[in-house]
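Data block below; observations after.
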Amino acid sequence: MASVAIVYHSGYGHTKAVAEAVQKGAASVAGTTVHLISVADADANWDTLAAADAIIFGAPTYMGAASAEMKKFMEASAKVWFTQGWKDKLAAGFTVSGAYSGDKLATLQQLMIFAGQHTMLWAPLGQMPGFNNSKGSVDDLNRVGSYSGLMVQANIDQGVEGIAASDFKTSEVFGARIAALAVKLAG
């Protein structure tokens, strides 16, 4: 049995909805237990994170970086870092912003560096980019075209209905990929 934890911050509900889609995908993999943890509840869940085989980090991109609440969580993990408590765990990440680019890559790089400092093993999205040729469509998986991790675009003047169905499907496929890798590593 593999344990996957999804740690996220959501300012307006978009990132939480994506985290839930990632959770749905991860939970679809046999032999997986999935824990959805808001950074607001991190202090009650350090043991869950310690027991996880994989940790997926999710944050909105604000002003070209992860949100301040995610950064607080990252800094709060210093005791774990000091003991190398997450060494060799699988890590992955996702982010949401209003623009197609929205400097989301900077947020994913921030999460990758964070995972690297914890000596975790980073898993990329694992999907070819969609919507990148004349036959492409906004309905394609990975329509934003990321390799490093999951990138989602959300209309800033809408709630979760401003996220394309294909982004939710991409999120589920991403969650399933990370869970399958976690099962393989845990086995």
Side-chain angles (χ1 to χ4, degrees), residues 1-11 14-61 65-96 104-127 146-152 170-187:
M1 187 65 114
S3 175
V4 176
I6 302 164
V7 182
Y8 73 94
H9 171 252
S10 187
H14 301 102
T15 308
K16 179 181 181 190
V18 172
E20 290 169 345
V22 172
Q23 177 188 30
K24 180 179 177 184
S28 73
V29 175
T32 305
T33 302
V34 185
H35 306 276
L36 190 62
I37 303 168
S38 167
V39 294
D41 301 324
D43 283 343
N45 286 284
W46 291 111
D47 289 342
T48 302
L49 294 170
D53 297 294
I55 303 174
I56 303 171
F57 304 102
T61 295
S67 62
E69 294 302 314
M70 177 54 80
K71 182 69 171 126
K72 286 179 189 175
F73 163 78
M74 292 164 72
E75 291 177 8
S77 74
K79 289 180 183 175
V80 177
W81 167 81
F82 188 74
T83 63
Q84 292 293 279
W86 295 344
K87 184 179 182 77
D88 296 335
K89 288 184 185 296
L90 191 62
F94 64 92
T95 188
V96 180
K104 288 189 271 293
L105 180 58
T107 299
L108 288 177
Q109 289 171 330
Q110 184 180 18
L111 295 173
M112 281 188 278
I113 290 168
F114 171 68
Q117 289 174 337
H118 276 282
T119 61
M120 299 175 81
L121 308 171
W122 187 264
L125 183 65
Q127 298 177 33
S146 176
Y147 290 99
S148 303
L150 173 63
M151 292 184 186
V152 172
T170 302
S171 301
E172 290 179 29
V173 171
F174 172 66
R177 169 182 163 72
I178 302 307
L181 290 171
V183 168
K184 191 181 283 187
L185 289 173

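The figures here come from the full heavy-atom set of this structure, side chains too, leaving out hydrogens, waters and symmetry mates. All figures in this text were calculated on a predicted structure; none of them were measured in a lab.
Closest approach of Leu181 to Ala123, counting heavy atoms only: CD1-CB, 4.0 Å. For the residue pair Ala19 and Ile6, the shortest heavy atom distance occurs at O-CD1, 4.0 Å. Smallest separation of non-hydrogen atoms from Ala66 and Gln110: N-OE1, 2.8 Å. Of all heavy-atom pairs between Val18 and Ser171, the closest is CG1-OG, 3.5 Å. Considering every non-hydrogen atom in both Val29 and Ala176, the closest pair reads CG2-O, 3.4 Å.
In this view, Lys87 satisfies the salt bridge (charged side-chain N to carboxylate O under 4.0 Å, His left out) rule with no residue, not counting sequence neighbours. With sequence neighbours excluded, no residue forms a side-chain hydrogen bond (donor to acceptor under 3.5 Å, both in side chains) with His14. Shown here are the salt bridge (charged side-chain N to carboxylate O under 4.0 Å, His left out) partners of Lys184, two or more places apart in sequence or in another chain: there are none. Taking Thr61 as the reference, Thr95, Thr107 meet the side-chain hydrogen bond (donor to acceptor under 3.5 Å, both in side chains) condition, with sequence neighbours excluded. Annotation: side chain to side chain contact (heavy atoms under 4.5 Å, CB included) contacts of Gln127 (sequence neighbours excluded): Leu125, Leu141, Asn142, Thr170, Val173, Phe174. Legend: residues meeting side-chain hydrogen bond (donor to acceptor under 3.5 Å, both in side chains) with Thr119, ordered by chain and number and at least two apart, are Gln84. Here Ser77 pairs with His118 under the side-chain hydrogen bond (donor to acceptor under 3.5 Å, both in side chains) rule; sequence neighbours left out. Residues satisfying the side chain to side chain contact (heavy atoms under 4.5 Å, CB included) test with Ala186, not counting sequence neighbours, are Ala2, Asp53. Ala26 pairs by the side chain to side chain contact (heavy atoms under 4.5 Å, CB included) definition with Val34, Ala179, not counting sequence neighbours.
Put simply, the side chain of Lys16 never gets that close to the backbone of Tyr8: no donor and acceptor are under 3.5 Å apart. With hydrogens and angles ignored, the 3.5 Å screen pairs no side-chain donor or acceptor of Trp122 with any backbone N or O of Leu111.
Electrostatic pairing of Glu69 and Lys72 counts as a salt bridge here, judged by a charged N lying under 4.0 Å from a carboxylate O.
Using a 4.5 Å heavy-atom cutoff, the side chains of Pro124 and Arg177 are in contact. A heavy-atom distance below 4.5 Å is not found between the side chains of Leu185 and Lys89.
Considering OG of Ser148 and CE of Met112, their distance stands at 4.0 Å, rounded to 0.5 Å. Remark: Leu90 CG to Met120 CE distance equals 7.5 Å, nearest 0.5 Å. Within the model, atoms CD of Gln117 and CH2 of Trp86 stand 11.5 Å from one another, a figure rounded to the nearest 0.5 Å. Within the model, atoms CD of Gln23 and CG of Leu36 stand 4.5 Å from one another, a figure rounded to the nearest 0.5 Å. One distance of note links CD1 of Ile56 with CD1 of Ile178; it measures 5.5 Å at 0.5 Å rounding. Between the OG1 atom in Thr32 and the CE atom in Met1 there is a gap of 7.5 Å [rounded to 0.5 Å].
Side-chain atoms of Ser67 and His9 form a donor-acceptor pair, as typed in the model, at a separation below 3.5 Å.
For the salt bridge (Lys or Arg N to Asp or Glu O under 4.0 Å) condition, no pair includes a residue of residues 31-48, sequence neighbours left out. Identified under the salt bridge (Lys or Arg N to Asp or Glu O under 4.0 Å) test for residues 21-31, with sequence neighbours left out: Lys24-Glu172. Residue pairs meeting the ring-ring contact (aromatic ring centres under 6.0 Å, His included) criterion with at least one member in residues 39-58, sequence neighbours excluded: Trp46-Phe73, Phe57-Phe114.
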